[in-house]
Number of protein chains: 2
Amino acid sequence: MKVLLVEDDPFHMGYLEEQVASALPEADEILLAHDGAEGEDLARRASVGAIVMDLQMKSRNGIEAARTIWSERPQTRILFWSNYADEAYLRGITRIVPEDCAYGYVLKTVSNERLHLALRSVLVQGQITIDREMHRIQKRKTEAGSALTDSEYAVLIDLALGLPDKEIARRHSMSLRTVQNRLLSLYDKLEVDGEEEPGLDGGVNKRVRALTRALLTRTLNVEALESAERARLEEIAASRGTV
Amino acid sequence: MKVLLVEDDPFHMGYLEEQVASALPEADEILLAHDGAEGEDLARRASVGAIVMDLQMKSRNGIEAARTIWSERPQTRILFWSNYADEAYLRGITRIVPEDCAYGYVLKTVSNERLHLALRSVLVQGQITIDREMHRIQKRKTEAGSALTDSEYAVLIDLALGLPDKEIARRHSMSLRTVQNRLLSLYDKLEVDGEEEPGLDGGVNKRVRALTRALLTRTLNVEALESAERARLEEIAASRGTV
DNA sequence: ATTCGACTTGCGGGAACCCGCAAATGCCTT
DNA sequence: AAGGCATTTGCGGGTTCCCGCAAGTCGAAT
């Protein structure tokens, strides 16, 4: 069994290597990659079936690497391990995970045993394992009434890119007023207008406020913005090509 | 000589400990703290004069910890070491560093020798040392015409909090039109309106766009938003108290 | 002293945003 | 089939934002 580790921090890589060696005795070949691009390359070249991947990497982030890997070999099992419990990461992953594919998400702060379990459960047993920290986040949001639907999330992304309502409506082929309704529920769920502080005549800039609230609550993160930005530029280039 | 290390990642802490021990033989007492709060506490209790501190920590971030430490003992020498070369961090630091105080900023990715040099130069010699990565960033921005002045930065923060122009004007006691002028130069420097993409009737929401551009270019980061938000809440509480 | 440039302020209007009101559509329950 | 209930869409107008134009202030350079 081949296992590929993708991680750009040398200390974490060292630790990870040890843990994988001890948790997965059946791993007779352990490959190392130090950024997303190298990871994609190695996964392709060596036909790796099991991967442990960091999410935050400078050259190419884990979600993007995972997308190309999965698009080439959808059965690849990937365990993501990350410093942060951001909803945006989990959302980014669930958005691209293929049907019937095993994956997992653990935080770097978990104990050895938890990491061991996650490694075996995802890479060997083919389970889907999400760190309970993340589930807690999701739960908290739903019960606080702030679970974004997919279409709300999509609108939030477009808002964050600075698109005006009209353009958002066009991109999702919905009416202008519907976009505004989405925005209303976003403002509600993100608690824009929270508590109506005094010393403020009641108004804030809702669009901007929604964005910063999303960032502060970890509903969105800067990496998600970056890839959305890239995606948009590609889309524009493509449409320019067809015109 | 007492040295305090503040770092919440155990691997990095281990490495840092080794490096400090070998680079600073005069350090006869090395104290460890695992988050900002603990760091403040130890610094106060042990009257530490030299600190190496991580910037990203969950419980209390390095800049805030540094502020309270410096407010109590302005002569404390602090070397910040960080994963990211964000302008926002450097700006946050230079904003709070006392007169005639030694400090430094190095990235975690630098070589042992560079870290050695920074340790000796800042903590022993009392120099000011900024990693050249950061200088490169600052230079790039100035020559690209995008160095924000302090007042522009201040307006950017308020904008990011979602405040309307009128409120920003009040907080900085400038006229509404002046705020708008600041915003104009912000839009310019942050390259809102970049290249007028086709497929877009020419308009974007400038406020939101300015914020995401600032985030994407690392002019601003989420931690800066968090502390700005906290500061604003405190200010409101204070004003409520006086009323 | 004069000129110049950088900054501030007011005015005014076009565009975008925010949102209440109300009609239309589609799905679920009974 | 007949009522809810959620979602979508249009309309209208109040507010904020964006910004060109023009007049005023202030310090620095000539």
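In this text the structure is predicted, and so the values were computed from the model without any measurement.
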- request: Let me know the distance between OH of A:Tyr187 and P of C:dC18, rounded to the nearest Å.
  value: 4 Å
task: Respond yes when some side-chain nitrogen or oxygen of B:Lys206 is under 4.0 Å from OP1 or OP2 of D:dC19, and no when none is.
output: yes
message: B:Gln127: which residues meet the side-chain hydrogen bond (donor to acceptor under 3.5 Å, both in side chains) condition with it, sequence neighbours left out?
response: none
task: Write down the distance between CD1 (B:Ile168) and C1' (D:dC17), rounded to a whole number of angstrom.
output: 11 Å
field: Carboxylate-amine/guanidinium proximity below 4.0 Å for A:Asp9 and B:Lys108
entry: no
field: Proximity to the side chain of B:Thr178 - top-ranked nucleotide from C:dT8, C:dC19, D:dT16
entry: C:dT8
query: To the nearest angstrom, how far is A:Leu176 atom CG from C:dC19 atom C1'?
result: 13 Å
task: Provide, to the nearest angstrom, the distance between the CZ atom belonging to B:Arg209 and the C1' atom belonging to C:dA16.
output: 17 Å
task: For B:Asn205 and for B:Ser173, find the nucleotide of DNA chain C with the closest heavy atom, then tell me which residue's nucleotide is more 5'.
output: B:Ser173
message: If you compare every side-chain N and O of A:Lys166 against the phosphate oxygens of C:dA15 (OP1, OP2), does one of them come in below 4.0 Å?
response: no
- request: Write down the distance between CE (A:Met174) and P (D:dT9), rounded to a whole number of angstrom.
  value: 8 Å
message: The criterion is side-chain contact (heavy atoms from CB on, under 4.5 Å); which residues satisfy it with A:Arg67, sequence neighbours excluded?
response: A:Glu64, A:Ile96
query: Within the structure shown, what part of the strands sits under 4.0 Å from A:Leu184 by heavy-atom distance: base, sugar-phosphate, or nothing?
result: sugar-phosphate
Salt-bridge present (A:Glu226, B:Arg218; N to O < 4.0 Å): yes
task: From the options D:dC17, C:dC19, D:dT8, select the nucleotide whose nearest atom is closest to the side chain of A:Asn181.
output: D:dT8
task: Check whether any side-chain nitrogen or oxygen of B:Arg182 sits under 4.0 Å from OP1 or OP2 of C:dC7, and answer yes or no.
output: no
message: If the cut-off is 4.0 Å, is A:Ser175 near the phosphate of D:dT9, judged by side-chain N/O to OP1 or OP2?
response: yes
task: Grab the CD-C1' distance between B:Gln180 and C:dC11 for me, whole Å please.
output: 11 Å
